[in-house]
Amino acid sequence: MTVAMEGFTHLIPHAAGHEIIRQGRKDLHVVRMTPDVVFDQLIGAGCVRKLTFSWGGNPGVGSLHRFRDAVENDWPHKIEIEEHSHAGMAARYVAGASGLPFGILRGYLGTDLVGRHAGIKTVDCPFTGERLAAIQALNPDVSVIHAQRADRDGNVQIWGLIGVQKEAVLSAQVAIATVEEIVDTLSPVPGAVVLPSWVMGAVACVPRGAHPSFAMGYSERDNAFYQGWDAVSADRDKFREWIQTHVLSSADHAEMLASLREAGDILV
Amino acid sequence: MTVAMEGFTHLIPHAAGHEIIRQGRKDLHVVRMTPDVVFDQLIGAGCVRKLTFSWGGNPGVGSLHRFRDAVENDWPHKIEIEEHSHAGMAARYVAGASGLPFGILRGYLGTDLVGRHAGIKTVDCPFTGERLAAIQALNPDVSVIHAQRADRDGNVQIWGLIGVQKEAVLSAQVAIATVEEIVDTLSPVPGAVVLPSWVMGAVACVPRGAHPSFAMGYSERDNAFYQGWDAVSADRDKFREWIQTHVLSSADHAEMLASLREAGDILV
Amino acid sequence: MQKCSRHCGKLETSLSDTKVTADDVMIVNAARVLSQLAAAGRATCFVGIGLPSTAANLARRLSSPPPILIYESGCIGSKPTRLPLSIGDGELGDTADAVVSVPEIFAYWLQAGRIDVGFLGGAQLDRLGNINSTVIGNYDSPKTRLPGAGGAPEIAASAGQVMVIMRQSKRAFVEKCDFRTSVGFGDGAGHREKLGLRGGGTRLVITDLGLLEPRAGSCELVMTHLHPGVTREQCVDSTGWQLQFADDLKLTPAVSSDELEELRRVQSGARR
Amino acid sequence: MQKCSRHCGKLETSLSDTKVTADDVMIVNAARVLSQLAAAGRATCFVGIGLPSTAANLARRLSSPPPILIYESGCIGSKPTRLPLSIGDGELGDTADAVVSVPEIFAYWLQAGRIDVGFLGGAQLDRLGNINSTVIGNYDSPKTRLPGAGGAPEIAASAGQVMVIMRQSKRAFVEKCDFRTSVGFGDGAGHREKLGLRGGGTRLVITDLGLLEPRAGSCELVMTHLHPGVTREQCVDSTGWQLQFADDLKLTPAVSSDELEELRRVQSGARR
């Protein structure tokens with residue numbers, strides 16, 4: 001099963017990632033442009049068979065140690081990686097959301113990213129003869145996002161940095177959103193995108209479901225958590241203990257946040 | 001010179017069209033998805049050498065008589081037409097705005113629109129082998145839009161039905177906006193698109209510059225004008241007289257609106 | 001007793017106008033089909049101007065859950081409380097769940113297969129459900145230049161099903177369109193698949209005389225329903241090809257007084 | 001007298017810290033170039049995290065008109081009053097002229113050629129300006145797995161010019177990258193054109209030792225400027241290819257007290 005989880009520097013669906021770990025899902029093909037801490041956790045917890053991505057780091061901090069340990073040392077097991085650029089991934093979601101089998105792009109040509117997997121080819125412009133990169137459409141089985149609000153009908157509203165979430169939802173077979181809040185009516189917000197309820201498979205209310213990422217208008221980014229993750233994830237045992245203590249021993253996200261707060265690992 | 005004028009059922013740049021007639025421009029290649037009354041006037045006034053479009057009618061009323069007279073009877077002279085579908089034109093603007101030489105589309109195949117001009121071809125998906133329509137990018141020399149507001153730096157703000165205006169501006173060599181109002185600061189508006197000043201070639205303040213179309217938040221659509229246009233445009237002499245009386249005898253749009261009001265041709 | 005009139009519905013309508021026009025019959029039948037689809041599950045409907053908009057808005061008032069209206073101007077889930085005057089009517093945006101750009105409505109919503117029903121009209125319809133809205137006569141020196149394609153070709157390509165609303169006449173219902181603007185079943189069975197068109201094609205034609213549907217196998221449009229008071233002969237005389245009738249030819253129910261009353265409300269611009 | 005230090009700038013900085021670090025020298029030189037471009041006309045700059053963001057924000061304070069900052073998170077024309085903590089910092093959206101989606105920022109803004117300057121870094125840079133930010137060693141069993149491409153390949157393809165900011169060392173400045181993530185001049189003169197890349201490629205490399213620029217004809221990166229106090233020998237010893245020097249090798253001006261003061265303000269998170 002291919003599961004995309006999107007949110008570009010904002011609204012990252014961490015709570016949904018923890019629930020995947022809690023449910024013991026294995027053998028997943030996970031997709032995310034920027035597999036940061038949430039995917040480091042999924043990889044280290046052994047949920048991942050294959051990772052499709054375009055930038056895998058801890059933003060502003062450094063390496064994703066679980067990601068590196070999997071790629072460099074096959075720990076906890078070997079994972080397959082499929083690597084793209086941001087522009088390529090974005091174009092793949094756009095093609096998928098548009099019902100097209102491929103998209104075109106000025107990029108990739110001349111780089112060593114070409115030829116590593118079957119998803120990047122070339123196409124010649126039938127008008128100018130120019131050779132361009134052709135990228136395969138992305139249509140995940142499931143896409144998961146975190147959003148600010150939904151109304152009682154399930155219409156989902158996102159604002160601020162909107163990233164690639166609309167395309168992730170519209171390219172998927174089934175789309176799931178966790179939201180900060182469920183309201184009676186979605187009042188208009190400048191810069192907001194609304195995804196109508198009939199394109200959503202499920203909506204769940206999970207306040208602070210993006211932590212340590214943020215939800216504009218609801219929470220701030222927990223920069224200290226990202227910094228602290230470096231030491232936790234650098235060590236296999238520390239990582240396992242952290243997952244056990246905070247994720248597996250918590251029944252849900254509220255309990256997990258309480259557990260982090262108790263451990264002093266969360267500042268807000 | 002290729003001049004696109006966009007605004008889909010809203011914010012149609014009529015005042016800019018009248019100024020083209022007033023300046024006696026000839027031999028233009030004009031482009032518009034829905035060449036309604038404004039292009040009927042340009043065609044009848046003899047400004048147009050070639051028309052590229054996807055739907056040419058008087059919305060909710062009937063025929064564009066000047067357009068039909070040009071195509072059916074070469075009056076006032078023969079014009080070349082290049083015909084697309086809405087989806088095809090939209091994809092052409094998207095490709096142009098994206099710096100791509102072409103775009104792809106599920107559509108056109110099996111229709112008689114294919115083969116009438118060189119702008120619609122096919123391309124085979126390098127992944128699935130499916131045959132898709134390929135459309136040539138559109139990059140007008142000039143694109144003209146009407147918008148609600150600009151700030152003093154020339155940042156342009158549009159809201160409501162936003163149509164294809166962003167793509168028209170970003171695909172053009174030079175973009176021009178007429179606006180209802182120039183303000184000190186663009187306060188955020190739900191659903192608004194902002195085009196930064198550095199992609200705009202010029203911004204001119206022309207209140208009610210969309211009449212008989214409308215600008216959400218500023219004016220209503222003048223439905224009676226659209227209905228009345230049917231009789232004016234159905235007759236060559238009446239049309240010429242109308243252009244002379246209202247467009248050519250007015251120095252600018254304010255004078256033109258006054259002239260229409262005096263003639264009882266404008267209700268608001 | 002209802003009488004099918006071919007009188008043009010362009011006069012001003014009033015709430016007390018109880019005469020059922022040809023347009024009324026077409027609108028009510030279109031609204032019924034849309035209501036049935038909506039009641040059977042979700043029905044997203046791509047709405048153009050004119051009769052389809054009236055039909056879709058009538059269906060919104062008659063069915064629960066109502067169909068979801070999508071306009072090519074970018075409005076998704078519009079819930080107008082009065083009949084919009086044009087597809088650019090501010091009411092459509094104000095009451096929509098979301099307003100998107102024109103490129104997006106065609107790419108992410110129509111082309112991606114998210115539209116269940118598309119209404120189309122045209123100047124000519126042929127026996128294989130193909131539609132002409134471009135020219136009568138020769139393309140390069142046309143007898144009549146029509147508005148052209150608009151959104152129709154891609155609605156015909158990608159909508160789950162297309163419903164055509166057109167008055168039936170020899171002039172309009174032709175053996176072969178002068179120009180194929182939108183593909184119904186193309187050259188016949190299997191042609192849509194060969195072209196890679198993912199939508200279902202012309203599944204229903206609603207006329208002032210009755211309903212036509214494609215025959216399984218040949219895809220030829222045949223009369224499956226007559227409106228009350230309409231004869232087979234009228235249909236044959238109003239069709240430019242050798243019209244066939246379904247073995248189990250049915251009658252559409254007469255326009256009810258409730259339907260007519262609600263339609264008159266819609267047409268009068270009354271708010272809901 | 002300024003001394004070029006190779007000391008890492010990761011310690012907490014304070015306004016009173018007058019010691020000029022290697023990072024400071026790189027940031028100030030990057031900000032100067034960007035300021036000059038902005039002063040000479042419009043300069044739109046695609047900004048990543050880290051040193052480039054600091055340099056771009058310093059340039060915004062030092063030049064009039066300031067450069068226009070564009071972030072891959074979709075922020076166009078951000079005018080942060082304090083240094084953003086990440087490219088997802090709310091301040092970037094709040095102070096932007098427009099916020100767009102990630103697909104749009106790459107298609108309509110970067111790919112379309114609307115970006116004048118793109119800053120890039122990486123683990124390896126080769127003599128032809130190509131960049132590796134993917135792996136050290138073999139791709140399938142890497143010695144070190146790096147974060148990967150991100151926005152870099154298309155910035156390198158489409159930005160009017162690319163400025164690379166990297167510390168100069170034999171390990172990082174290599175004859176040939178282990179993996180070519182982003183194309184500078186590819187295999188040499190004419191290769192970009194052959195690939196159809198529309199941007200200008202790696203036009204300037206800003207290091208802790210000086211500046212490198214491509215030599216006309218060969219496109220090989222050569223030292224064109226040394227920072228004050230740096231020797232040719234230091235440069236040669238810190239470069240993995242046989243480094244050449246421009247005939248008119250110049251000195252960069254020392255970091256001025258004004259520049260340093262403003263930089264410290266930026267780094268301290270002071271609002272403007």
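Chain naming here is simple, since letters A, B, ... match the order of the sequence lines and numbering starts at 1 in each.
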Given that the side chain runs from C-beta out, which part of [X] has a heavy atom under 4.5 Å from chain A: side chain, backbone, both or neither?
{"X": "D:Lys143", "value": "backbone"}
{"X": "D:Val100", "value": "backbone"}
{"X": "D:Pro142", "value": "both"}
{"X": "D:Leu146", "value": "backbone"}
{"X": "D:Leu197", "value": "side chain"}
{"X": "D:Asp94", "value": "side chain"}
{"X": "D:Arg198", "value": "side chain"}
{"X": "D:Glu72", "value": "both"}

- Item | Members of residues 109-119 of chain A whose heavy atoms come closer than 4.5 Å to chain D |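 So far as heavy atoms go, A:Leu109, A:Gly110, A:Thr111, A:Asp112, A:Leu113, A:Arg116 are the residues that approach chain D to under 4.5 Å.
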
Shortest non-hydrogen contact from [X] toward [Y]:
{"X": "A:Trp55", "Y": "D:Gly148", "value": "CD1-O, 3.7 Å"}
{"X": "A:Arg106", "Y": "D:Glu154", "value": "O-CG, 3.7 Å"}
{"X": "A:Ile81", "Y": "D:Tyr139", "value": "CD1-OH, 3.7 Å"}
{"X": "A:Leu161", "Y": "D:Ser73", "value": "CD2-O, 3.9 Å"}
{"X": "D:Ser101", "Y": "A:Gly163", "value": "CB-O, 3.4 Å"}
{"X": "D:Pro103", "Y": "A:Val94", "value": "CB-CG2, 3.5 Å"}

- Message: Which residues in residues 117-124 of chain D have any heavy atom closer than 4.5 Å to a heavy atom of chain A?
- Response: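 The residues closer than 4.5 Å to chain A amount to none at all.
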
Under 4.5 Å from any heavy atom of chain D, what part of [X] do you find: side chain, backbone, both or neither?
{"X": "A:Tyr226", "value": "neither"}
{"X": "A:Ala87", "value": "both"}
{"X": "A:Met89", "value": "neither"}
{"X": "A:Tyr93", "value": "neither"}
{"X": "A:Leu105", "value": "both"}

- Task: Dump the intermediate steps for side chain to side chain contact (heavy atoms under 4.5 Å, CB included) on D:Thr144 and A:Arg68, then the final yes or no.
- Result: CA-CA 8 Å; D:Thr144 306; A:Arg68 284 188 58 181; 3.2 Å; yes

- Atom CG of D:Leu92 and atom NE2 of A:His10: how far apart are they, to the nearest 0.5 Å?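 Taking CG in D:Leu92 and NE2 in A:His10, the distance rounds to 12.5 Å.
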
- Contact leader toward chain D among A:Gly107, A:Gly57, A:Ser85, where contacts are heavy-atom pairs under 4.5 Å: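 Sorted descending by pairs with chain D, the first entry is A:Ser85.
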
- Message: Is it the case that over 12 heavy atoms from other parts of the model lie below 6.0 angstrom from the NZ atom of A:Lys50?
- Response: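 More than 12 within 6.0 Å, yes.
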
- Query: Is the closest side-chain heavy-atom distance between A:His86 and D:Val102 below 4.5 Å?
  - Reply: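 Side chain of A:His86 against side chain of D:Val102, heavy atoms only: no contact under 4.5 Å found.
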
